[in-house]
Number of protein chains: 2
Amino acid sequence: MDSMTVMVRKQTAADQALRLDNQICFAVYSTAHAFNRVYKPLLDRLGLTYPQYLVMLALWERDDVPVKDLGERLFLDSGTLTPLLKRLEAAELVKRTRSTEDERVVLIALTPQGHALREKAKAVPQSILAASDCTVGELLAMKDEIVALRDRLNAVLGE
Amino acid sequence: MDSMTVMVRKQTAADQALRLDNQICFAVYSTAHAFNRVYKPLLDRLGLTYPQYLVMLALWERDDVPVKDLGERLFLDSGTLTPLLKRLEAAELVKRTRSTEDERVVLIALTPQGHALREKAKAVPQSILAASDCTVGELLAMKDEIVALRDRLNAVLGE
DNA sequence: GAGGATTCAATTGCGAACAATTAAATGTGA
DNA sequence: TCACATTTAATTGTTCGCAATTGAATCCTC
């Protein structure tokens with residue numbers, strides 16, 4: 001095996017790796033966009049964008065929470081959430097009030113319309129399930145794998 | 001089983017579904033962001049953002065291509081690509097020239113610096129692999145599943 | 001060849017996403 | 001108590017991502 005062969009093999013390995021990481025990260029990236037596009041017409045009827053829908057999902061599970069709490073649940077920071085929450089407030093779906101106990105904290109609570117929207121939103125999941133053309137079991141298994149990957153990535157970030 | 005029981009069960013099923021679809025789509029969404037954050041410090045050294053890195057990866061595989069071609073490979077449209085490509089041109093990594101055969105078409109070609117950046121980029125994949133804390137085989141298997149899901153979603157969009 | 005449809009990139013406007021900074025409130029240690 | 005650090009949202013500036021529109025070039029049909 002001469003030096004030329006070694007060089008060629010090294011290039012090939014690097015190229016493969018470059019392609020591999022491209023495909024995995026790009027797969028997640030492009031699938032997120034594909035989901036977004038499938039959600040769009042469904043969420044248009046609710047008057048929500050996908051990130052706004054995520055915030056509403058979080059609030060339907062537990063509201064009257066600080067912005068920081070929402071950020072930790074959704075992996076988003078105040079730079080993203082503050083303007084988004086102001087738009088939800090303008091749409092009269094949430095109310096933002098400063099905590100009396102700690103004036104640094106802004107508490108996000110659902111309005112009656114915000115609570116009511118939950119009923120409309122119940123039509124969304126089955127449409128997504130249909131579009132994915134997967135069984136619930138398959139999706140759950142994939143979800144667990146993806147979440148495990150995400151958590152490992154976030155663990156590295158936390159170091 | 002009285003009517004009250006039926007109602008309660010229906011609500012529970014809808015809630016489960018809402019929660020399920022949330023987790024799957026959100027898993028992909030939040031993992032894409034986690035990847036982005038892991039890539040950021042690595043790509044900063046190359047002077048690229050993650051979407052710019054994707055464009056460069058595509059061009060390293062095949063350049064001298066129309067904007068439309070890049071868009072199809074990356075699932076992005078001209079509204080996203082045009083300003084991004086202008087920034088890459090300002091960074092002298094690509095050159096944009098109007099095709100002489102068809103003046104509607106803008107061809108994207110790598111500059112010598114654009115080609116050269118590929119060598120630096122070879123250091124990126126191994127860092128991502130390490131951060132993911134997965135084997136190559138695991139990542140490849142996940143990638144295939146995710147791509148299959150993406151393609152099914154995109155198929156629904158194409159109808 | 002002329003008229004109309006189609007294709008392609010660019011543009012505009014809006015909503016994320018995030019880094020970095022700011023400002024105010026709170027907590028802590030000497 | 002007072003200085004200093006920390007916490008929490010908000011703000012600013014840059015970059016995506018996409019819908020909708022525009023304008024130019026090309027294609028197609030008659």
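So you know, we letter chains A, B, ... as the sequences are listed, proteins then strands, and number each from 1.
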Item to check | Whole-Å gap separating P (C/dA9) and CD1 (B/Ile108) | outcome: 8 Å
Checklist entry - Can you list the residues that meet the salt bridge (charged side-chain N to carboxylate O under 4.0 Å, His left out) rule with B/Lys40, with sequence neighbours excluded? => result B/Asp44
Next on the checklist: Can you tell whether the side chains of B/Arg118 and A/Asp15 come within less than 4.0 Å, N to carboxylate O?
Outcome noted: yes
Checklist entry - Which residues in residues 88-101 of chain B have at least one heavy atom lying under 4.0 Å from any atom of DNA chain C? => result B/Arg96, B/Arg98
Checklist entry - So do A/Leu88 and A/Val55 actually touch side chain to side chain, heavy atoms under 4.5 Å? => result yes
Checklist entry - Is A/Leu46 close to A/Val124 at the side-chain level, that is, under 4.5 Å between some pair of heavy atoms? => result yes
Checklist entry - Heavy-atom contacts under 4.0 Å between residues 66-77 of chain B and DNA chain C, which residues? => result B/Pro66, B/Val67, B/Lys68
Item to check | Gap between atoms CG and C1', on A/Leu157 and C/dA19 respectively (whole Å) | outcome: 14 Å
Item to check | B/Glu89: salt bridge (charged side-chain N to carboxylate O under 4.0 Å, His left out) partners, not counting sequence neighbours | outcome: B/Arg96
Checklist entry - Which residues, ordered by chain and number, are linked to B/Val105 in its hydrophobic cluster, where ILVMFWY side chains connect at heavy-atom gaps below 4.5 Å, directly or through other members? => result B/Leu107
Nucleotide N/O of nucleotides 14-16 of chain C paired with protein N/O under 3.5 Å:
residue, atom, partner, partner atom, Å
C/dA16, OP1, A/Thr49, OG1, 2.5
C/dA16, OP2, A/Gln52, NE2, 2.6
C/dA16, OP2, A/Arg87, NE, 3.0
C/dA16, OP2, A/Arg87, NH2, 3.4
C/dA16, O5', A/Arg87, NH2, 3.3

Item to check | Sequence neighbours excluded - salt bridge (Lys or Arg N to Asp or Glu O under 4.0 Å) pairs with any residue from residues 142-156 of chain B | outcome: none
Checklist entry - What residues, two or more places apart in sequence or in another chain, satisfy salt bridge (charged side-chain N to carboxylate O under 4.0 Å, His left out) together with B/Glu61? => result none
Checklist entry - What orientation do A/Tyr50 and A/Tyr53 show, parallel under 30°, tilted 30 to 60°, or perpendicular over 60°? => result tilted
Next on the checklist: Test of understanding: with salt bridge (charged side-chain N to carboxylate O under 4.0 Å, His left out), list the residues that count as partners of A/Arg104, not counting sequence neighbours.
Outcome noted: A/Asp102
Checklist entry - For B/Ser78 and C/dA9, is the shortest distance between a side-chain N/O and OP1 or OP2 below 4.0 Å? => result no
Checklist outcome for this item: 5'-most to 3'-most nt of DNA chain D touching chain B (<4.0 Å, heavy-atom partner on protein side) reads D/dT15 to D/dT26
Please tabulate, for the side chains in residues 69-77 of chain A, all donor-acceptor contacts under 3.5 angstrom to protein atoms that are two or more places apart in sequence or on a different chain.
residue, atom, partner, partner atom, Å
A/Asp69, OD1, A/Arg62, NH2, 3.3
A/Asp69, OD1, A/Arg73, NE, 3.0
A/Asp69, OD1, A/Arg73, NH2, 3.4
A/Asp69, OD2, A/Arg62, NH2, 3.3
A/Arg73, NH1, A/Ala58, O, 3.0
A/Arg73, NH2, A/Arg62, O, 2.9
A/Asp77, OD1, A/Gly79, N, 3.2
A/Asp77, OD1, A/Thr80, N, 3.2
A/Asp77, OD1, A/Thr80, OG1, 3.4

Item to check | Considering all heavy atoms, the nearest A/Leu42-A/Ile128 contact | outcome: CD1-CD1, 3.7 Å
Item to check | Results of side-chain contact (heavy atoms from CB on, under 4.5 Å) for A/Ala116 - residues two or more places apart only | outcome: none
Next on the checklist: Expressed as a whole number of angstroms, how long is the span from B/Asn36:CG to C/dA19:C1'?
Outcome noted: 12 Å
